[in-house]
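So the structure is just underneath, and the comments pick up after that.
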Amino acid sequence: MILVGGGITGLMSAKKLCDIGLHVALVEQHSTLASGPSTRNEGWLHRGTYHAASIRDRHIGIQVARRCIYGHEQLRRFCSEAIEDGDVRPIVMIADGSKVDEVVSRWKEADVQVRPISHAAASKAAPTANFGRVAALFEANDVSVNTRLLYRKLFAMAQKAGCDFYVEHQIERIDGQTAVLKAPSGDLHYVQANKFVYSAGTGARAVFQKHHGVELPIRYWKSHLVITKRLAPVGLFYVDPHEAAMMHHGDVSVIGLNEDALLSPTPSYDVIADRAENLRNAIRRIFPNWSGEDSINIACTKVDLVANATDARSLDIAIREPIPGHVCVLPGKMTEAPYLTDILVSYIHQALDSSVIALRPCDRFEDTQQLLEVG
């Protein structure tokens, strides 16, 4: 089978699909793996703390939080060496006092682990931060993750498991079950597959348009990050909208703005000046003495797949097969990738069954029911 796209979903899918005995080829059009949203983020290994609180619909928020917890624990087990500041718990801030009880209730239901702390304790942990606007403070189990190290391990293990990588290759055309790949040299490679899985993120819509004439309902959402010298010994993040959230990587802080996503007609990494300034102002609300010197603005683009273009932004995972044999997959976020790829492996297993393994009674029951329905 062929995977199209070498971000976290493609890399993790490659390893897991090879692990169940499938022959997998991964195609990445860029010269490096994970060059898009997989690395253009805060490097935040969520544990449900933010999403349980910030998603307006309680049920969806708790569901996303549980998936993040699932992914968090799987990734920590798989690549503990990529965890940064693992012995330092970040501080969660809630500015709106009227929301505290609801947020704590959601955390409890989703099994998000937090511990209330005082303003004095927070000030001791982050002396240059201003907690005067904060109604409630907690320590959480979210951590920073070195995404490059995580992806390096996934790449190495997928290679070891037998995945063939075609990096910096373009899909020239797809003829039935054969993909014709064009190398940088101009040479063509013909790769056969009985299933195509597209995990290309921002590139998935263009691939389906070009090769299948299908318009996928994929949308692009632009947000911004500020990268600056490390601002505090601990991670700090609000769960309130339009406030800052930061994770630290060595001597650097990477900071985003909550609910900053702006619908964009195309995937683009161009910085929008006023949106970047909104983020900088949010940083100054936490660190009033931060000058912003020696910092940079970057833009990132994430995608979602929805039934209706007017729907609110979706943070949910997506697995769709708009054309038989061609599956599009999107993670709501990096920390949901383990959950998504486990579901994908089960989905592919059902489609590409192994005759080596005996059927379960429930499999025989399903086959019988299908025969009865046909009859």
Side-chain angles (χ1 to χ4, degrees), residues 41-55 58 61-62 64-77 80 82-146 228 230-259 282-283 285-288 290 333-336:
N41 54 56
E42 294 97 331
W44 184 350
L45 190 59
H46 291 279
R47 202 187 176 280
T49 317
Y50 173 73
H51 296 97
S54 64
I55 296 175
R58 180 186 176 104
I62 289 170
V64 171
R66 287 173 174 165
R67 291 176 178 176
C68 285
I69 292 170
Y70 180 94
H72 177 104
E73 294 177 350
Q74 188 176 128
L75 288 171
R76 287 195 75 149
R77 286 193 302 269
S80 59
I83 302 303
E84 301 176 295
D85 291 347
D87 59 341
V88 180
R89 302 180 74 185
I91 295 175
V92 190
M93 301 173 286
I94 305 177
D96 187 346
S98 68
K99 300 290 180 62
V100 174
D101 289 344
E102 170 65 12
V103 169
V104 171
S105 171
R106 290 185 179 200
W107 283 339
K108 184 175 180 180
E109 184 174 344
D111 197 28
V112 173
Q113 297 171 359
V114 296
R115 183 177 73 86
I117 62 170
S118 66
H119 279 67
S123 295
K124 184 177 180 180
T128 59
N130 173 24
F131 297 106
R133 302 170 53 248
V134 181
L137 293 150
F138 303 84
E139 285 185 336
N141 284 341
D142 300 54
V143 291
S144 300
V145 60
N146 184 330
T228 187
R230 185 162 181 153
L231 296 178
V234 298
L236 296 166
F237 62 92
Y238 276 101
V239 295
D240 306 81
H242 312 300
E243 298 290 351
M246 69 190 67
M247 284 286 148
H248 309 304
H249 304 274
D251 294 330
V252 174
S253 296
V254 183
I255 311 160
L257 188 68
N258 299 340
E259 299 188 23
I283 297 170
R285 289 196 286 272
I286 304 175
F287 297 97
W290 179 68
K333 62 196 57 61
M334 181 187 73
T335 317
E336 284 188 290

[X] side chain to [Y] main-chain N or O, any donor-acceptor pair under 3.5 Å?
X	Y	result
Trp44	Met246	no
Ser123	His119	yes
Ser253	Leu231	yes
Asp240	Asp96	yes
Arg106	Ile62	no

Please find the pair of heavy atoms, one from [X] and one from [Y], that lie closest to each other, and give the distance.
X	Y	answer
Ala126	Leu236	CB-CD1, 4.3 Å
His242	Ala282	O-CB, 4.3 Å
His72	Val143	CE1-CG2, 4.0 Å
Gly250	Glu84	N-OE2, 4.4 Å
Pro90	Asp142	CD-O, 3.1 Å
Val112	Ala52	CG2-CB, 4.4 Å

Donor-acceptor pairs under 3.5 angstrom involving side-chain atoms of residues 64-71: please list them, not counting sequence neighbours.
{"unit_1": "Arg66", "atom_1": "NH2", "unit_2": "Glu109", "atom_2": "O", "d": "3.0"}
{"unit_1": "Arg67", "atom_1": "NH1", "unit_2": "Asp316", "atom_2": "OD1", "d": "2.3"}
{"unit_1": "Tyr70", "atom_1": "OH", "unit_2": "Asp342", "atom_2": "OD2", "d": "2.4"}

Students often mix this up, so state it plainly: with edges at 30° and 60°, are the rings of His51 and His46 parallel, tilted or perpendicular?
perpendicular
Atom CD of Gln113 and atom OG1 of Thr49: how far apart are they, to the nearest 0.5 Å?
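Rounded to the nearest 0.5 Å, the CD-OG1 separation comes out at 9.0 Å.
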Test applied, side-chain hydrogen bond (donor to acceptor under 3.5 Å, both in side chains); reference residue, Asn141; option that passes from Arg89, Arg76, Arg47
Arg89
Exercise answer: donor-acceptor pairs, residues 131-139 side-chain atoms, under 3.5 Å, sequence neighbours excluded:
{"unit_1": "Arg133", "atom_1": "NH1", "unit_2": "Tyr238", "atom_2": "OH", "d": "3.0"}
{"unit_1": "Arg133", "atom_1": "NH2", "unit_2": "Glu243", "atom_2": "OE2", "d": "2.8"}
{"unit_1": "Glu139", "atom_1": "OE1", "unit_2": "Arg115", "atom_2": "NE", "d": "3.3"}
{"unit_1": "Glu139", "atom_1": "OE1", "unit_2": "Arg115", "atom_2": "NH2", "d": "2.8"}

Regarding Glu102 and Lys99, does a basic nitrogen lie under 4.0 Å from an acidic carboxylate oxygen?
no
How would you list, by chain and number, every residue that makes a ring pair (Phe, Tyr, Trp, His ring centres under 6.0 Å) with Trp290, sequence neighbours excluded?
none
